[in-house]
Student: 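Mind looking over this structure? Questions follow.
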Amino acid sequence: MLLITLLGLSSGIYNPDIWLVPGETAVFQPSTTLFSSISWTFSNVTIVDKNFTDPEYTDRITLFSNGTLQLRIVTHEDQGPYTATITSAAGHTHSSTSHLSVYEQVHSVVLVTLTPPGPLIEFRSFANITCAAGGGTGLVYTWYNDSAVMSTTAQDLSIARLTRYDSGPFQCRVTNPINSVLSPSRYLSISYGPDITNLTTDPIPTNGVFYEGSAVTIYCNVISSPTAVITWFHNGEPVEFSSDEELFFEYLDTNDSGDYMCQAYNPITLVYAVSQPFVISVIKDVPVEGGLSVGAIYEQEGAASSVSHCSLPGSRTDACSWFLGVTKHFTVMSGAPPVLMRLVASAFCVAERAGAIVRRVLHSGELGIVEKSGANDLQTLADRLAQQSICASLSRRFPNLTIIGEEDLPSEEAGDELIESGQADDVLLKTCPEEFTDVKEEELVVWVDPLDGTKEYTEGLLDNVTVLIGVAHRGRAIAGVINQPFYNYQLGSGATLGRTLWGVLGLGAFGFELNEAPADRRIVTTTRSHSNKLVTDCVDAMEPHEVVRVGGAGNKILQLIEGRASAYVFASPGCKKWDTCAPEAILHAVGGKLTDVHGNSYRYDADVKHMNSAGVLATLRNHQFYISRVPPSVLQALT
């Protein structure tokens, strides 16, 4: 039966691809409506022309006068190429093809989970989740974990080693050219931890000590699911009166002084974790009128030492200050502070002097920029002057130190205007960790980056800039000082510029407020100017919710300890020991970790190679999780 409509459909637009659901009507348009004759073929078999209609298409097909072909009640058997062969009035032949695809609609999308029997435990359990659709053909799968798009596009999602970040909610979107359906959410209950972040107190001690009679709470900051069982220890002995994350003292006594630790136990993972010792020093509050009696103390004035006399009756304090009128003249200690604490106290003041030099050079407008190895490896006058100041100041006070600086500078005497001889009282008043009290000056190696983030300095990204002074003992980074010369610069004129952070392993870190990135988000910080395929592949493998690209290794560690990032990922050679020594020491002092991408620690001996050739991966928490995500291709490239 031949159906030719002379008026029929109006001329439409040629479409090479048509997607329909079974039962719908397909409309095929020729590429031109100017012809003397037209025929349509399906898979090279003529189905209709002016004088013929294939009997199989009776009552389902219409050829309109403008060459449009209408095919009704399509089925899967109708899928394929439809070609219009057109003959012009001049006898020229032309053809155009449209392809029909027939899909079932997607519907009833659900997630089916297969897990081992018993509780799911981080790093020990697996999960297989299948995205099942009740119907549909030509399906494409998109997976989400807590709204973040995952890398897999398969129907089955397999997680060989579950982590705490794999708890979901998981969803799967099933799509074909006809429609798209999102599954309901599916959660996994994963047991993990315990991880002890740190011990803190409320209130914070004054100059490192509490006064007798104070009400104090010590907090054991634990990350665990389910909630961990807590045991407190005082000088190695269990504390009987507290079994939760808070140890409260209504009235501190001098007998409460000592080392405190908390032990956390997860009854599902069967894992124990023990905090680093936290020192509580309790002293008697001595009246101002309390007389002075004779006692030997240590006074550091410039580079010289002298003996004076000061003691406070009944006081357990290790230090006091002498005043001339109302002005503090100097702080004295009951015995010489260990060399490490004196070195860190000096490095604190030296870093502040270097920061002032960095600001002064910028404000002068004469940066004195030279390229060392390329446009991304610059040196400025600030780099040169700051390193001269740091190295000369420290070597004058500590002549037996080994000092290694980033800049290769000619040997020349530093002018007096570059020398800093001060020491920070706040550092000297702290108690040196016992393992470092007997460290000798000649056993220490100091790594100096006088201006970390030089490229950003020249581009005006001033919050990226830091001064780094790291101290290593027997190859391990044990203390660090970081100065931010332009901290607060965005507040405008009148703001106090600069701040200095410092830390000692086993003592803690100071000069900032420790914060953690949100536990439910993976925020990765990485390089802004030294990226490559390895770096990109490694960052992508972490499946981050957010990537923060900033300059300077010191600045990236600040992102971690102040809660703006979860991990610092740099899967490439390029970073050097002076970039990481000070940041690593401060990060480790608050419970974090810095390694290469294999999870191996770097050494900071005087004779090691300067390049961190296996990249850098640093975290405040959950280091093993990020190490487990490093792709094999990256590990192989950075062996």
Side-chain angles (χ1 to χ4, degrees), residues 119-124 163-165 167 189-206 208-211 213-253 255-282 431 433 503 505-510 512-521 560-563 566 586-593 619-625:
L120 301 178
I121 298 177
E122 185 176 43
F123 301 131
R124 292 186 239 163
T163 74
R164 67 195 64 185
Y165 300 107
S167 59
S189 178
I190 301 170
S191 298
Y192 55 84
D195 300 324
I196 299 180
T197 59
N198 61 342
L199 299 187
T200 56
T201 62
D202 182 24
I204 298 173
T206 303
V209 299
F210 293 100
Y211 289 107
S214 302
V216 174
T217 302
I218 309 176
Y219 297 94
C220 181
N221 299 304
V222 180
I223 299 174
S224 178
S225 179
T227 302
V229 178
I230 304 297
T231 304
W232 285 93
F233 294 87
H234 177 213
N235 293 330
E237 296 296 326
V239 176
E240 302 295 340
F241 60 85
S242 181
S243 59
D244 59 21
E245 295 182 15
E246 300 178 6
L247 183 61
F248 176 67
F249 296 88
E250 186 175 4
Y251 185 99
L252 273 181
D253 183 84
N255 293 326
D256 294 321
S257 294
D259 291 344
Y260 286 84
M261 295 188 299
C262 71
Q263 173 187 277
Y265 172 68
N266 186 318
I268 300 297
T269 66
L270 306 181
V271 172
Y272 287 88
V274 180
S275 71
Q276 292 186 348
F278 188 88
V279 178
I280 295 290
S281 298
V282 184
T431 301
L505 202 60
L507 177 62
F510 309 89
F512 66 101
E513 182 177 345
L514 180 65
N515 283 302
E516 296 187 37
D520 59 348
R521 289 178 60 78
L560 298 182
I561 63 178
E562 295 191 309
S566 315
I586 291 177
L587 181 62
H588 284 199
V590 296
K593 195 166 187 179
T619 60
L620 185 58
R621 305 289 173 250
N622 308 319
H623 194 76
Q624 188 56 43
F625 165 77

Student: Return the set of residues passing ring-ring contact (aromatic ring centres under 6.0 Å, His included) with Phe625 (not counting sequence neighbours), or none when no residue passes.
Tutor: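 So Phe625 forms a ring-ring contact (aromatic ring centres under 6.0 Å, His included) with Tyr165.
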
Student: Thr619: what forms a side chain to side chain donor-acceptor pair (under 3.5 Å) with it, not counting sequence neighbours?
Tutor: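 Scan of Thr619 (side chain to side chain donor-acceptor pair (under 3.5 Å), adjacent residues dropped) gives His623.
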
Student: Please list, chain by chain and in numerical order, all residues satisfying side chain to side chain donor-acceptor pair (under 3.5 Å) with Thr200, sequence neighbours excluded.
Tutor: Asn221

Student: My understanding is that only one of Lys593, Glu562, Glu516 makes a side-chain contact (heavy atoms from CB on, under 4.5 Å) with Leu620; could you say which?
Tutor: Glu516

Student: Who are the ring-ring contact (aromatic ring centres under 6.0 Å, His included) partners of Phe510, not counting sequence neighbours?
Tutor: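 Testing Phe510 for ring-ring contact (aromatic ring centres under 6.0 Å, His included), a comparison that skips the adjacent residues, returns Trp502.
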
Student: Heavy atoms only: give me the nearest Cys262-Ile230 pair and the separation to one decimal.
Tutor: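 Nearest heavy atoms, Cys262 then Ile230: CB-CG2, 4.3 Å.
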
Student: Applying side chain to side chain contact (heavy atoms under 4.5 Å, CB included), name anything that partners Phe278, two or more places apart in sequence or on another chain.
Tutor: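 Result, side chain to side chain contact (heavy atoms under 4.5 Å, CB included) vs Phe278: Leu199, Thr201, Ile280.
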
Student: Can you tell me how far the CZ atom of Phe123 sits from the CD1 atom of Ile190, to the nearest 0.5 Å?
Tutor: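 Reported to 0.5 Å precision, the distance equals 10.5 Å.
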
Student: Closest approach of Gly258 and Asn235, non-hydrogen atoms and distance?
Tutor: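 Closest approach of Gly258 to Asn235: CA-OD1, 3.5 Å.
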
Student: With sequence neighbours excluded, tell me which residues meet side chain to side chain donor-acceptor pair (under 3.5 Å) with Thr163.
Tutor: Asp166

Student: How many angstroms lie between CZ in Arg164 and CD1 in Ile223, if you round to the nearest 0.5 Å?
Tutor: 6.5 Å

Student: Taking only residues two or more places apart in sequence, or in another chain, which ones meet Asn515 in a side chain to side chain contact (heavy atoms under 4.5 Å, CB included)?
Tutor: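 So Asn515 forms a side chain to side chain contact (heavy atoms under 4.5 Å, CB included) with Glu513.
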
Student: What heavy-atom pair brings His234 and Ser257 nearest, and what distance separates the two atoms?
Tutor: NE2-O, 2.9 Å

Student: State which residues pass side chain to side chain contact (heavy atoms under 4.5 Å, CB included) with Thr217; sequence neighbours excluded, sorted by chain then number.
Tutor: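 Scan of Thr217 (side chain to side chain contact (heavy atoms under 4.5 Å, CB included), adjacent residues dropped) gives Tyr219, Glu246, Phe248.
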
Student: Would you tabulate the side-chain donor-acceptor contacts of residues 264-272 under 3.5 Å, counting partners in other chains and residues two or more places apart, or write 'none'?
Tutor:
residue: Asn266; atom: OD1; partner: Ile268; partner atom: N; Å: 2.8
residue: Asn266; atom: OD1; partner: Thr269; partner atom: N; Å: 3.2
residue: Asn266; atom: ND2; partner: Tyr192; partner atom: O; Å: 3.0
residue: Asn266; atom: ND2; partner: Ser224; partner atom: OG; Å: 3.2
residue: Asn266; atom: ND2; partner: Ser225; partner atom: O; Å: 3.1
residue: Thr269; atom: OG1; partner: Gly193; partner atom: O; Å: 2.8
residue: Thr269; atom: OG1; partner: Val271; partner atom: N; Å: 3.4

Student: Can you name the residues that form a side chain to side chain donor-acceptor pair (under 3.5 Å) with Asp202, not counting sequence neighbours?
Tutor: none

Student: For His588 and Gln276, work out which heavy atoms get closest and say how close.
Tutor: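 So the minimum-distance heavy-atom pair works out to O-NE2, 4.3 Å.
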
Student: I'd like to check the salt bridge (Lys or Arg N to Asp or Glu O under 4.0 Å) partners of Arg521; sequence neighbours left out, ordered by chain and number.
Tutor: Glu546

Student: If you compare all heavy atoms of Phe210 against all heavy atoms of Pro203, which two are closest, and at what distance to 0.1 Å?
Tutor: CE2-O, 3.4 Å

